[in-house]
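Computed from a predicted structure; not experimentally measured. Position 1 is the first residue of the sequence, and the numbers go up from there.
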Amino acid sequence: MTLGFRNEYNCCKSFGCENSGNGDLSLYEESQRLGYPAYHCPKCGAYPPVLQNAPILALAHQTQSKTLSIEQRLLPTCRCVDSKPRWQRFGTTQSATQKLKCTGCGAFSSLPNSVKLAKSLQPILSALVEGVPPEALLQHLSLNRKLYYERLGKLADLLRLVSDIREKRYLKTKQTLCLQTQSRTLQCRSGKGRSAFSATKVWTLSSCESESGYMLMTSDNMLLNVAEMVGVPGVYSPGEPEKPVAENQDVFAVANATYDRIFARPQFDELVYCEGKHAQSTEGQLYRPVYASHAHFQNLKLKIEGKPFALVLEHESFIRGAAITAFSELVKTGEAKLYFCHTATASGDQVKRANVDQCEIKILNWWSEKWYRLPVSNQHGNWFVGMALLTDRGGDSPMILLDQLGARPDWNKHFWQAFEQWLPENQRKKMSHQMLVQWIEIYRYLFNYVFEKRGYSVAGSPGEIGDIVEELNIGFLNAQQSESAHSPNDT
């Protein structure tokens with residue numbers, strides 16, 4: 001079951017069109033005019049390619065259900081089907097674990113035991129906090145492999161769950177948000193053989209908060225449960241990978257080269273990012289990046305809960321289309337602003353000589369997108385940044401654009417470069433996709449809470465399992481009390 005996701009992804013994706021984001025297919029005309037199946041929008045003349053809804057919903061639900069399944073494994077569950085559980089404290093066990101009783105169905109359960117979990121998981125977290133690299137962790141802990149991987153998975157689940165609670169608490173306090181979204185290709189074991197040629201390449205999308213760099217979420221294009229998707233189009237079609245556009249301090253030239261690369265495709269959303277030998281896996285099926293993009297933004301939309309925000313995107317046509325589809329209502333009201341972005345490192349002297357108030361502005365490509373070239377300098381580094389206004393094309397001032405970039409314009413790149421140094425490619429190519437995702441989750445927690453402080457409140461020490469479990473339990477009980485207070489059954 002998909003919760004909170006739209007059902008139709010075929011729609012106009014043009015900013016300013018009255019049909020933008022409208023999934024009523026009677027508004028459009030099916031067309032092959034550009035050489036691919038499309039829906040022609042008669043209002044603005046756009047030809048968005050036809051999308052299959054099933055892969056998007058399956059990938060979106062996979063991300064959502066991961067958190068739900070963790071909650072079911074770690075937190076109390078009951079037999080209620082048609083109503084939410086109504087837990088009450090019901091004494092403690094002999095090991096001082098809080099027992100609970102659901103007044104709805106009469107089931108008994110208990111909260112996670114902080115002492116037990118700390119005994120098994122604290123050595124792993126402490127070693128990582130102290131700098132033991134993942135490749136040396138198994139030997140450092142002197143555990144057998146089965147126990148090691150079991151505990152590693154449980155640690156990843158615990159850290160994901162407590163991060164989710166903290167994020168909800170923090171985001172409720174924010175009136176507006178500035179976010180950055182970028183893609184990355186990561187390798188893992190395919191299960192098809194032992195050679196390097198058997199590695200699978202997954203196309204990953206990540207979104208972080210611009211001011212603090214907090215990594216909010218990552219997702220990729222690997223669908224694990226494909227039994228119900230047999231015969232459904234949308235599987236990734238491998239080929240000769242597109243060559244990336246080289247970094248250049250002339251960000252306008254980089255933007256133009258990126259437009260040329262997109263226009264050279266048979267259709268704008270047909271990105272080829274890896275060859276066939278890297279597009280197979282025994283764990284699941286790779287789907288086209290356009291579907292992973294739509295799924296990513298559907299889950300991001302649920303996270304930010306309709307707050308006004310600015311979203312700085314990788315310069316990629318289908319990423320923009322997925323974002324404007326997910327946030328179409330906020331875009332129409334002006335509460336969501338979307339931008340393309342290119343960054344290039346610079347020296348301090350080069351940035352000093354640039355004048356923000358007199359920054360260059362150019363109109364590029366036949367979409368007439370307005371690009372700004374901005375100098376950025378702070379404690380994190382020096383850059384020239386190219387930003388395109390995808391919405392609100394009346395023109396933001398350079399200073400407002402700088403505010404949208406936050407503390408640095410390349411937080412996603414910073415995160416992934418640090419992750420790849422922490423867990424090098426030669427190790428990632430040997431691990432399953434499941435293990436790769438677990439390590440990303442563990443590193444996301446370390447990046448957000450341990451290696452640097454990013455402003456999200458933490459109860460106790462972020463490196464202590466006991467404190468993490470206690471925070472999780474208190475959050476669970478507080479949520480139950482809040483739901484009971486608003487439940488008509490309890491009035």
Side-chain angles (χ1 to χ4, degrees), residues 2-61 63-64 181 205 207 219 221 232-234 262-263 265-271 287-306 308-309 311 313-340 366-369 388-393:
T2 51
L3 303 175
F5 304 139
R6 64 182 288 158
N7 293 316
E8 181 59 67
Y9 295 86
N10 290 292
C11 61
C12 179
K13 299 169 177 67
S14 299
F15 172 69
C17 178
E18 66 180 74
N19 285 344
S20 183
N22 193 328
D24 180 358
L25 298 186
S26 67
L27 299 172
Y28 311 106
E29 303 161 356
E30 294 185 45
S31 172
Q32 288 271 359
R33 181 181 178 185
L34 299 184
Y36 56 82
Y39 282 104
H40 174 236
C41 177
K43 294 292 184 181
C44 68
Y47 289 85
V50 170
L51 296 172
Q52 301 296 321
N53 295 313
I56 298 171
L57 291 169
L59 287 165
H61 184 245
T63 299
Q64 184 186 65
T181 298
L205 206 58
S207 292
S219 60
N221 65 329
V232 177
I262 294 171
F263 293 154
R265 299 172 187 163
Q267 62 186 63
F268 296 153
D269 62 358
E270 284 281 11
L271 170 66
Y287 277 80
R288 290 169 51 203
V290 61
Y291 293 128
S293 297
H294 278 279
H296 181 88
F297 288 119
Q298 289 299 304
N299 279 288
L300 184 62
K301 180 182 179 181
L302 296 182
K303 255 189 191 300
I304 65 176
E305 296 182 333
F309 72 101
L311 182 55
L313 301 166
E314 174 183 334
H315 185 184
E316 177 54 75
S317 176
F318 64 80
I319 293 179
R320 181 207 66 84
I324 204 167
T325 300
F327 302 108
S328 58
E329 294 305 316
L330 290 175
V331 168
K332 286 177 180 177
T333 60
E335 295 175 281
K337 296 184 178 182
L338 309 183
Y339 307 87
F340 277 152
W366 58 276
W367 281 316
S368 298
E369 288 168 348
L389 307 181
L390 303 178
T391 57
D392 190 26
R393 292 180 185 169

Rounded to the nearest 0.5 angstrom, the CZ-OG distance for Arg6 and Ser328 is 5.5 Å
Across all chains, not counting sequence neighbours, the side chain to side chain contact (heavy atoms under 4.5 Å, CB included) partners of Ser14 are Cys12, Cys17, Cys44, Ala46
So CD1 of Ile262 and OG of Ser317: to nearest 0.5 Å the spacing works out to 5.5 Å
Return a table of donor-acceptor pairs under 3.5 angstrom between the side chains of residues 30-38 and protein atoms on other chains or two or more places apart.
residue	atom	partner	partner atom	Å
Ser31	OG	Arg33	N	3.0
Arg33	NH1	Tyr47	OH	2.9
Tyr36	OH	Tyr47	O	3.2

Only pairs under 3.5 Å count here: list side-chain donor-acceptor contacts from residues 289-297, not counting sequence neighbours, and write none if there are none.
residue	atom	partner	partner atom	Å
Tyr291	OH	Gln52	N	3.0
Ser293	OG	Pro289	O	3.0
His296	ND1	Ser219	OG	2.8
His296	NE2	Ser207	OG	2.8

Residue pairs meeting salt bridge (charged side-chain N to carboxylate O under 4.0 Å, His left out), one or both in residues 13-25, sequence neighbours left out, come to Glu18-Lys43
Sequence neighbours excluded, the answer for side-chain hydrogen bond (donor to acceptor under 3.5 Å, both in side chains) partners of Lys301 is none
Smallest heavy-atom separation, His40 atom then Gly45 atom, equals NE2-CA, 3.6 Å
Sequence neighbours excluded, the answer for salt bridge (charged side-chain N to carboxylate O under 4.0 Å, His left out) partners of Lys332 is none
Asn53 meets the side-chain hydrogen bond (donor to acceptor under 3.5 Å, both in side chains) criterion, sequence neighbours left out, with Glu8
Sequence neighbours excluded, the answer for side chain to side chain contact (heavy atoms under 4.5 Å, CB included) partners of Glu335 is Pro308, Leu330, Thr333
Query raised in the report: Taking C-beta and beyond as the side chain, do Asn22 and Tyr28 meet within less than 4.5 Å on heavy atoms?
Result: yes
Sorted by chain and residue number, the side chain to side chain contact (heavy atoms under 4.5 Å, CB included) partners of Glu270 (sequence neighbours excluded) come out as Gln267, Arg288
**Message:** Taking the side chain as everything from C-beta on, heavy atoms only, tell me whether Leu57 gets closer than 4.5 Å to Tyr9.
**Reply:** yes
Step by step, work out the side-chain contact (heavy atoms from CB on, under 4.5 Å) result for Phe15 and Leu390. CA-CA 7 Å; Phe15 172 69; Leu390 303 178; over 6 Å; no
(Q) Are the side chains of Ile56 and Phe5 in contact, using a 4.5 Å heavy-atom criterion? (A) no
Sorted by chain and residue number, the ring-ring contact (aromatic ring centres under 6.0 Å, His included) partners of Tyr287 (sequence neighbours excluded) come out as none
Looking only at heavy atoms, the pair that brings Lys337 and Thr391 closest together is CA-OG1, 3.2 Å
Check: Is the shortest heavy-atom distance from the side chain of Leu313 to the side chain of Tyr339 under 4.5 Å?
Finding: no
Heavy atoms of Leu205 and Ile319 approach each other most closely as CD1-CD1, 4.0 Å
CD1 (Ile324) and CG (Leu338) are apart, to the nearest 0.5 Å, by 6.0 Å
Please examine the side chains of Phe268 and Pro48, heavy atoms only from C-beta on, and report whether any two atoms are closer than 4.5 Å. no
By ring-ring contact (aromatic ring centres under 6.0 Å, His included), Phe309 pairs with (sequence neighbours left out) Phe327
